[in-house]
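Comments concern the structure below.
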There are 2 protein chains.
Amino acid sequence: MSTTLTGTDTSDRILDIAEHLVQTRGFNAFSYADIAIALKVTKASLHYHFPTKAKLGERLVDRYQSTFLAALASIDRSSDNAALRLKAYMAIYSDVLEDERMCLCGMLAADYVTLPEPVKDRVQYFFETNEIWLTTVLLQGQAQDQISFTGSADERARFIVSALEGAMLLARSHEDTNRFRMVATRLLADFGIGE
Amino acid sequence: MSTTLTGTDTSDRILDIAEHLVQTRGFNAFSYADIAIALKVTKASLHYHFPTKAKLGERLVDRYQSTFLAALASIDRSSDNAALRLKAYMAIYSDVLEDERMCLCGMLAADYVTLPEPVKDRVQYFFETNEIWLTTVLLQGQAQDQISFTGSADERARFIVSALEGAMLLARSHEDTNRFRMVATRLLADFGIGE
DNA sequence: GTCTATAGGTGGATAGAC
DNA sequence: GTCTATCCACCTATAGAC
């Protein structure tokens, strides 16, 4: 039962640094050397924890995915109102952007064709998870008259993810987080959700 | 007056290949070697036309920008109806995606922090141009009762660009162009534009 | 688990012949 | 304008000592 509880062992710290690098620079624009310098170890040491960059990528998305799922579960627990849940969902994106990062999987979506196959699969899975959660929130909110929209919830969920990911991309390259907020606000307004 | 009229000299062919590589792989995931192989010349030859990768990047965006501006001018000439203009605008994106490419500047937006400064500036300018054109179309369409929307045209223009760029990113990584079409259709529907 | 040392490859870029 | 040859920095990855 000697399970590590600290959560800040070397593997985790490597993932923290790599995650930040991918979220800012992309999968093809960071190296083991970058991580080694940030962590003050040698490149060789990193290979003990993550034998290849492909494996590192897999673990990176796996961790991001489970953190994201935990955040969604937390939202579900904190409120049963669809409007509030949508706002909280968008706040996750907003917080990432405020930290001058892109969504990890949004970034990997841009690098998509160059990614190792197992990473590709995980990126797709991440977005599917997002869309399923959003679809559920939308349907429930519609049934309880908390929000209103026309068309399928599924299509709306995909629309939201597209708009948010695109807004992050544009906001970051214009160094203007306001661009993101405006898009989020409009998305909410379309569901009859005000400030 | 010996201006080249062919438009398919070596420089142009290099740009064609580089453009395709950036639109599929990104700025940091292609090399002079990739272009050299595709063009069947040596890497050294490429440096005669484009001394550095940074310069190549600049010329790439410059050409993309002017092609895009020409396309927008063509749209303006072909119709004075805002609904049709918006549809034509989205068709540009759709065509790029159908060719299994991302928008060049959408891709560069993801690579943004790693780009040479002159390329960054050009990417920003590209999006500003898009937004200005869209704003004009929206305002004119609203004035002539061809389309309807609430809020500022400026904000709407940014929303459109964000949603389309995000939709391209997601559609490509899901190898499903339908994802893009659904987003485009919804955007149009929100302006009261049907099929 | 981290180190030194190194392999084998590729990156962008240059010199100088043709 | 394109070539051969080459430079040097950097890349991912491995072997083996500590």
Side-chain angles (χ1 to χ4, degrees), chain A residues 2-22 24-61 107-108 111 113-120, chain B residues 2-22 24-61 107-108 111 113-120:
Chain A
S2 62
T3 313
T4 304
L5 289 174
T6 62
T8 45
D9 60 7
T10 307
S11 293
D12 285 332
R13 269 178 289 156
I14 292 170
L15 288 174
D16 288 342
I17 295 162
E19 186 178 79
H20 186 251
L21 286 166
V22 175
T24 49
R25 305 177 56 87
F27 194 73
N28 299 304
F30 87 96
S31 70
Y32 271 50
D34 295 326
I35 304 173
I37 291 165
L39 195 58
K40 288 172 194 158
V41 292
T42 59
K43 289 187 287 169
S45 303
L46 303 175
H47 284 279
Y48 169 80
H49 300 279
F50 303 96
T52 66
K53 199 179 179 184
K55 280 284 168 199
L56 173 59
E58 290 178 38
R59 294 269 304 271
L60 218 43
V61 186
M107 207 65 176
L108 293 176
D111 296 326
V113 304
T114 70
L115 298 177
E117 218 60 46
V119 181
K120 281 185 183 174
Chain B
S2 61
T3 313
T4 305
L5 290 173
T6 61
T8 47
D9 60 6
T10 307
S11 293
D12 284 333
R13 271 179 287 156
I14 292 169
L15 288 174
D16 288 342
I17 295 163
E19 185 178 78
H20 185 252
L21 285 166
V22 174
T24 49
R25 306 178 55 89
F27 194 74
N28 299 304
F30 88 95
S31 69
Y32 272 50
D34 294 327
I35 303 173
I37 290 166
L39 195 59
K40 288 173 193 157
V41 293
T42 58
K43 287 190 293 168
S45 303
L46 303 175
H47 284 279
Y48 169 80
H49 300 278
F50 303 96
T52 65
K53 200 180 179 184
K55 280 284 169 202
L56 174 58
E58 290 178 37
R59 294 270 303 270
L60 218 42
V61 185
M107 208 64 175
L108 293 176
D111 295 325
V113 304
T114 70
L115 298 177
E117 218 60 44
V119 181
K120 281 185 182 174

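Worth knowing before you read on, the calculation uses all heavy atoms, side chains too, and leaves out hydrogens, waters and symmetry mates. Chain letters run A, B, ... following the sequence lines, proteins first and then strands; every chain starts at 1.
For B:T24, the side-chain hydrogen bond (donor to acceptor under 3.5 Å, both in side chains) criterion is met by no residue, not counting sequence neighbours. Legend: residues meeting side chain to side chain contact (heavy atoms under 4.5 Å, CB included) with A:R59, ordered by chain and number and at least two apart, are A:S11, A:L15, A:F50. Under the salt bridge (charged side-chain N to carboxylate O under 4.0 Å, His left out) criterion, B:K53 pairs with no residue, sequence neighbours left out.
Residues of residues 40-47 of chain A having a heavy atom closer than 4.0 Å to DNA chain D, listed by number: A:K43, A:A44, A:H47. Residues from residues 25-33 of chain B that place a heavy atom under 4.0 Å from any atom of DNA chain D: there are none.
B:G26 and B:M107 make their closest contact through N-CE, 3.6 Å (heavy atoms, listed as atom of the first residue, atom of the second, distance). Here the closest non-hydrogen pair linking A:H49 and A:T10 is NE2-CG2, 3.4 Å. Across every non-hydrogen atom of A:F27 and A:G57, the tightest pair is CE1-CA, 3.9 Å.
Remark: P of C:dA13 and CG of B:L56 are 10 Å apart, rounded to the nearest angstrom. Straight-line distance from the NZ atom of A:K53 to the P atom of D:dC10: 15 Å, rounded to whole Å. Across the protein-nucleic acid pair, A:F50 atom CZ and C:dG1 atom P stand 12 Å apart, rounded to whole Å. In this structure, B:L21 atom CG and C:dG11 atom P are separated by 11 Å, rounded to whole Å. Distance CD1 (A:I35) to C1' (D:dC10): 15 Å, rounded to an integer number of Å. Across the protein-nucleic acid pair, A:D34 atom CG and D:dA9 atom P stand 17 Å apart, rounded to whole Å.
Inter-residue side-chain proximity for A:V119 and A:L60 is flagged as unmet; no heavy-atom pair is nearer than 4.5 Å. Proximity of A:Y32 to A:L56: side-chain heavy atoms (C-beta onward) are separated by under 4.5 Å at one or more points.
Between A:T10 and C:dT2, a side-chain N or O to OP1/OP2 separation shorter than 4.0 Å is present. Proximity of A:Y48 to the phosphate of C:dT2: no side-chain N or O atom is located under 4.0 Å from OP1 or OP2.
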Got a list of side-chain donor-acceptor pairs under 3.5 Å for residues 36-47 of chain A, not counting sequence neighbours?
{"from": "A:T42", "atom 1": "OG1", "to": "A:S45", "atom 2": "OG", "distance (Å)": "3.1"}
{"from": "A:H47", "atom 1": "ND1", "to": "A:P51", "atom 2": "O", "distance (Å)": "2.9"}

